[in-house]
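Working notes for the structure below.
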Amino acid sequence: MYRSLFLIIFLLWGSVNVFAVDFSELDKPPDGIYGGQLLITAQIGMGIPRGSIIDSEKKFVKGSTYTFTDIDTTKALWITHLAYSYGINAEYVIIDYIGFMARVGSLTVVQRTNHGTDYENKKGTLFRNYSFVVGPVFHATTRKPWDVCLSPFAGFSKGYFYAIPIARKTLPSFDPSNYKGAGSTLVYGAELKAGVFFSGGVVIYLGFEWMRNNIKLKHPISEPNSQTGKTYLDGKTSGVIDTYQITLSAGYAFKN
């Protein structure tokens, strides 16, 4: 997790430095989007995961409790989820208004208990992938200092899934061979974003992205929750994680 955060900070730092160098060239009007242009941007995102996997995680621990033995206090076991991502985008604008993009990136979904600031909270990584996606980009403007675009995409990812990481830390242990999954899977989604161009080719986009990841366990988790008797995924071996993220990307638009 710390390595991923470091990479995100590094990408932002690099983009900000590019912005600082070119923003001073105020005598050059922004070029905007046009056919033949190449855009390279670094992107980060943060948001909320949803889908059958997340629902099952919450359903599995609902009604469970955790006892802080050092202070002899019992609290309800309640978990929250967060998704964050980073990546590098490259887009070639084939003709005015239409481009083609490719992205190499990574997505991480984490969970933590919500016991409050006065108590120790457990943390765990639920899912992490490394993906390569491609897709068309449809722009609403050409040669304007601003841009709005929509990009549906699809591709493949190498994923690492670890079911119920917090439950395995707080409830009786589970068979380690049964809670790992993912592997190489198809991913797809779409991003809608708006951007501003600055002098010298610097561009910054703010957007909203939806991505679907298909998850498959190696084996069904047969061990029920010892406190509630609930079964994870109702005995199934597959599900989905949908992530809804606010994205920020910054980079440079190279002229044809």
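What you see is a predicted model, and the numbers here were worked out from it, not measured in a lab.
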Problem set entry | Interatomic distance, Leu107 atom CG to Ile241 atom CD1 [nearest 0.5 angstrom] | 8.0 Å
Problem set entry | Approximate separation, where rounding is to 0.5 Å, of Asp96 CG and Thr142 OG1 | 3.5 Å
Exercise. Given side chains that start at C-beta, do those of Arg212 and Tyr188 come closer than 4.5 Å, heavy atoms only?
Worked result: yes
For this session: Decide side chain to side chain contact (heavy atoms under 4.5 Å, CB included) for Leu82 and Val109; before the verdict, give the C-alpha distance in whole Å, the side-chain angles of both, and the deciding distance to 0.1 Å.
Result: CA-CA 6 Å; Leu82 174 70; Val109 177; over 6 Å; no
For this session: Output the distance between atom CZ (Phe138) and atom CD1 (Ile98), rounded to the nearest 0.5 Å.
Result: 6.0 Å
Could you tabulate the donor-acceptor pairs under 3.5 Å formed by side-chain atoms of residues 143-154, not counting sequence neighbours?
unit_1	atom_1	unit_2	atom_2	d
Asp147	OD1	His139	ND1	3.3
Asp147	OD1	Thr141	OG1	3.1
Asp147	OD2	His139	ND1	2.7
Asp147	OD2	Tyr205	OH	2.6
Ser151	OG	Pro136	O	3.1

Problem set entry | Any Gln111 side-chain heavy atom under 4.5 Å of Thr80 side chain | no
For this session: Could you tell me whether the side chains of Thr74 and Thr65 share a donor-acceptor contact shorter than 3.5 Å?
Result: no
Exercise. Can you tell me if Asn214 and Ser238 form a side-chain donor-acceptor pair at under 3.5 Å?
Worked result: no
Problem set entry | Mutual orientation of the aromatic rings belonging to Tyr244 and Phe208 [parallel < 30°, tilted 30-60°, perpendicular > 60°] | parallel
Exercise. Judged by atom type as modelled, is there a donor-acceptor pair below 3.5 Å linking the side chain of Ser52 to the main-chain atoms of Gly239?
Worked result: no
Problem set entry | Side-chain ion pair, Glu209 and Arg103, N-O less than 4.0 Å | yes
Problem set entry | Derivation and outcome, side chain to side chain contact (heavy atoms under 4.5 Å, CB included), residues Tyr162 and Arg168 | CA-CA 10 Å; Tyr162 309 94; Arg168 286 187 281 107; 3.7 Å; yes
Exercise. Do any N or O atoms from the side chain of Asn225 and from the backbone of Gln227 form a donor-acceptor pair under 3.5 angstrom?
Worked result: yes
Exercise. So which heavy atom on Pro165 is nearest to which on Leu126, and how close?
Worked result: CD-CD1, 3.8 Å
Problem set entry | Close side-chain approach of Gln43 and Leu248, heavy atoms under 4.5 Å | no
For this session: Please work out which of the three classes, parallel, tilted or perpendicular, describes the rings of Phe127 and Phe161, given edges at 30° and 60°.
Result: tilted
Exercise. Taking C-beta and beyond as the side chain, do Tyr232 and Phe60 meet within less than 4.5 Å on heavy atoms?
Worked result: yes
Exercise. Below 4.5 Å, heavy atoms only, C-beta onward: do Asp31 and Phe197 meet side chain to side chain?
Worked result: no
For this session: To the nearest 0.5 angstrom, please state how far the NZ atom of Lys123 sits from the CD1 atom of Ile166.
Result: 10.0 Å
Exercise. When you look at Val196 and Ile204, which way does the side chain to side chain contact (heavy atoms under 4.5 Å, CB included) test go after all the steps?
Worked result: CA-CA 6 Å; Val196 178; Ile204 296 178; 5.6 Å; no
Exercise. Do Ile53 and Val187 belong together in a cluster built from hydrophobic side chains that touch within less than 4.5 Å?
Worked result: yes
For this session: Test Phe68 against Tyr119 for ring pair (Phe, Tyr, Trp, His ring centres under 6.0 Å), laying out the working first.
Result: CA-CA 9 Å; Phe68 297 87; Tyr119 300 88; 5.3 Å; yes
Problem set entry | Worked check of ring pair (Phe, Tyr, Trp, His ring centres under 6.0 Å) between Phe254 and Tyr252 | CA-CA 6 Å; Phe254 296 89; Tyr252 198 80; 4.9 Å; yes
For this session: Look up atom CD in Gln245 and atom CD1 in Ile44, then write down how far apart they are to the nearest 0.5 Å.
Result: 10.0 Å
Problem set entry | Test item: Phe156 and Lys158 side chains (from C-beta on) under 4.5 Å apart, heavy atoms | no
Exercise. Are any of the side-chain heavy atoms of Lys58 and Trp78 separated by less than 4.5 Å?
Worked result: no
Problem set entry | Between CD1 on residue Ile164 and OG on residue Ser56, distance to nearest 0.5 Å | 8.5 Å
Exercise. Heavy-atom distance under 4.5 Å between the side chains of Thr113 and Asn121, does that happen here?
Worked result: yes
For this session: Report the C-alpha separation of Ile48 and Arg50 in whole Å, then their side-chain angles, then the decisive distance to 0.1 Å, and conclude whether the side chain to side chain contact (heavy atoms under 4.5 Å, CB included) test is met.
Result: CA-CA 7 Å; Ile48 301 173; Arg50 288 288 186 265; 2.8 Å; yes
Problem set entry | Linked, directly or transitively: Ile95 and Leu39 (ILVMFWY side chains, under 4.5 Å) | no
Exercise. Would you find more than 12 non-hydrogen atoms of other residues, nucleotides or ligands less than 6.0 Å from Lys62 atom NZ?
Worked result: no
